[in-house]
Amino acid sequence: MDLVVIFGPPAVGKMSVGDELCKLTGFKLFHNHMAVEPVLGIFPFGSPPFGRLVNEFRRRVIEEAADADLPGLVFTYVWGLELPEDTELIGSYVELVRARGGRTRFVELSADLDERLHRNTTESRLDRKPSKRDLAFSRANLLELDRDYVMNTSETRRVHAQDLIERHDHVRIDNTRLSAAETAALILRTMPQ
């Protein structure tokens with residue numbers, strides 16, 4: 001199984017691009033909020049039980065997908081690239097797939113802040129991510145994450161995740177002016193067969 005990890009800051013278009021990539025490849029989409037939303041109804045975001053349950057659910061879905069002989073799984077994630085715990089978590093998912101003969105590819109999306117603030121309010125996002133419907137909170141959260149974390153690589157700043165990313169196929173796309181379909185087509189052209 002191919003695991004395609006699409007990462008980048010909030011509202012960069014990970015889920016929308018993942019949808020389009022799945023249409024082109026026959027892969028299945030496992031966007032981040034598929035694990036987040038059910039747990040939010042019981043435990044507050046960031047609480048220890050919330051973290052344990054979300055991480056275990058993600059791990060089990062990726063493990064079962066790799067065991068089920070799916071051709072591929074697209075997983076989306078807001079990755080704090082400077083955080084060892086985030087890199088260890090993603091590394092554990094990569095290892096689950098590798099141990100079953102699969103491979104991982106990293107797709108990094110970036111977009112201008114103004115565009116992401118606009119995308120943060122789109123109907124598709126709000127429909128599939130109920131916790132984002134409080135627009136004031138969602139906007140504040142997006143800006144806070146931008147302020148506090150590194151969510152894109154750069155040529156000038158080395159981050160904790162760099163070693164993991166460099167061991168796998170990696171493409172970085174600025175999709176500020178690209179549709180989700182255009183971005184997915186570009187990803188597909190860059191993916192080694």
Side-chain angles (χ1 to χ4, degrees), residues 3-19 22 28-66 73-97 104 106-153 157 159-162 164-165 175 180:
L3 175 65
V4 179
V5 177
I6 301 179
F7 69 95
V12 76
K14 297 177 294 294
M15 180 184 70
S16 298
V17 169
D19 275 336
C22 288
K28 299 295 183 182
L29 178 64
F30 183 38
H31 70 79
N32 189 41
H33 277 259
M34 292 171 82
V36 168
E37 297 296 337
V39 179
L40 272 179
I42 301 167
F43 295 106
F45 183 84
S47 68
F50 173 87
R52 285 191 300 269
L53 287 169
V54 168
N55 291 338
E56 177 64 15
F57 181 66
R58 288 180 189 142
R59 186 188 70 73
R60 290 289 298 129
V61 168
I62 292 168
E63 184 176 49
E64 290 294 335
L73 185 70
V74 175
F75 173 65
T76 70
Y77 189 68
V78 174
W79 187 351
L81 296 168
E82 79 285 14
L83 300 175
E85 59 271 22
D86 274 13
T87 299
E88 289 167 18
L89 183 68
I90 296 297
S92 72
Y93 303 155
V94 168
E95 179 55 28
L96 285 172
V97 172
T104 299
F106 290 112
V107 174
E108 176 181 358
L109 299 179
S110 65
D112 294 346
L113 178 60
D114 286 343
E115 179 63 20
R116 291 190 300 112
L117 288 170
H118 165 71
R119 291 177 185 174
N120 193 49
T121 64
T122 61
E123 186 176 324
S124 171
R125 179 176 174 82
L126 301 179
D127 180 52
R128 294 172 69 187
K129 299 176 180 181
S131 63
K132 302 295 182 185
R133 292 178 188 156
D134 179 341
L135 294 178
F137 172 81
S138 184
R139 178 187 172 90
N141 181 253
L142 185 155
L143 294 170
E144 179 182 324
L145 290 172
D146 265 27
R147 181 192 70 219
D148 294 345
Y149 298 100
V150 176
M151 294 170 285
N152 283 121
T153 63
R157 183 173 178 184
V159 292
H160 189 273
Q162 204 78 34
L164 176 62
I165 292 169
N175 65 327

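- Contact check for L142 versus R139: no side-chain heavy atoms found under the 4.5 Å cut-off.
- Residues V54 and A35 share a closest heavy-atom pair of CG2-O, 3.7 Å.
- Here the side chain of N152 pairs a donor or acceptor atom with the backbone of L109 at under 3.5 angstrom.
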Is there a side-chain contact (heavy atoms from CB on, under 4.5 Å) between N175 and E115 once you walk through the steps?
CA-CA 10 Å; N175 65 327; E115 179 63 20; over 6 Å; no

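- Once rounded to the nearest 0.5 Å, the distance linking CD of E82 with CE of M151 reads 8.5 Å.
- Under the side-chain hydrogen bond (donor to acceptor under 3.5 Å, both in side chains) criterion, R59 pairs with E56, E63, sequence neighbours left out.
- Legend: residues meeting side chain to side chain contact (heavy atoms under 4.5 Å, CB included) with S47, ordered by chain and number and at least two apart, are F43, P44, P49, F50.
- R58 is listed as a side-chain neighbour of V36, based on a closest heavy-atom distance under 4.5 Å.
- Atom OG1 of T104 is separated from atom CG of L3 by 4.5 Å, given to the nearest 0.5 angstrom.
- A search for side-chain hydrogen bond (donor to acceptor under 3.5 Å, both in side chains) contacts involving E37 returns H33, S131, not counting sequence neighbours.
- With hydrogens and angles disregarded, no donor-acceptor distance shorter than 3.5 Å links the side chain of T87 to the backbone of P84.
- Contacts of F106 classified as ring-ring contact (aromatic ring centres under 6.0 Å, His included), with partners at least two apart in sequence or in another chain: W79, H168.
- With sequence neighbours excluded, no residue forms a side-chain hydrogen bond (donor to acceptor under 3.5 Å, both in side chains) with Y93.
- Side-chain contact between V61 and K28 is absent, with no heavy-atom pair separated by less than 4.5 Å.
- With ring centers used as reference points, F7 lies 6.0 Å or more from Y77.
- Counting heavy atoms from C-beta outward, V12 and V78 have side chains that stay 4.5 Å or more apart.
- Rounded to the nearest 0.5 Å, atoms CD1 (I42) and CG (L53) are 7.5 Å apart.
- Here the CG atom belonging to L73 is positioned 7.5 Å from the SG atom belonging to C22, to the nearest 0.5 angstrom.
- K14 is not listed as a side-chain neighbour of N32, based on a closest heavy-atom distance of 4.5 Å or more.
- Between the side chain of N55 and the backbone N or O of G51 there is at least one donor-acceptor pair closer than 3.5 Å.
- Contact of the L81 side chain with the I165 side chain is registered, since non-hydrogen atoms from C-beta on lie closer than 4.5 Å.
- To the nearest 0.5 Å, the span separating CG on D146 from CG on L117 amounts to 8.0 Å.
- Taking 4.5 Å as the limit, every side-chain heavy atom of V74 sits out of range of all side-chain heavy atoms of D19.
- Test V5, I6, T153 against E108 for side-chain contact (heavy atoms from CB on, under 4.5 Å) and you get one pass: T153.
- Shown here are the side-chain hydrogen bond (donor to acceptor under 3.5 Å, both in side chains) partners of D112, two or more places apart in sequence or in another chain: there are none.
- Looking at I90 and D86, their side chains never come closer than 4.5 Å, going by heavy atoms from C-beta outward.
- The distance from atom CZ of R119 to atom CE of M15, rounded to the nearest 0.5 Å, is 12.0 Å.
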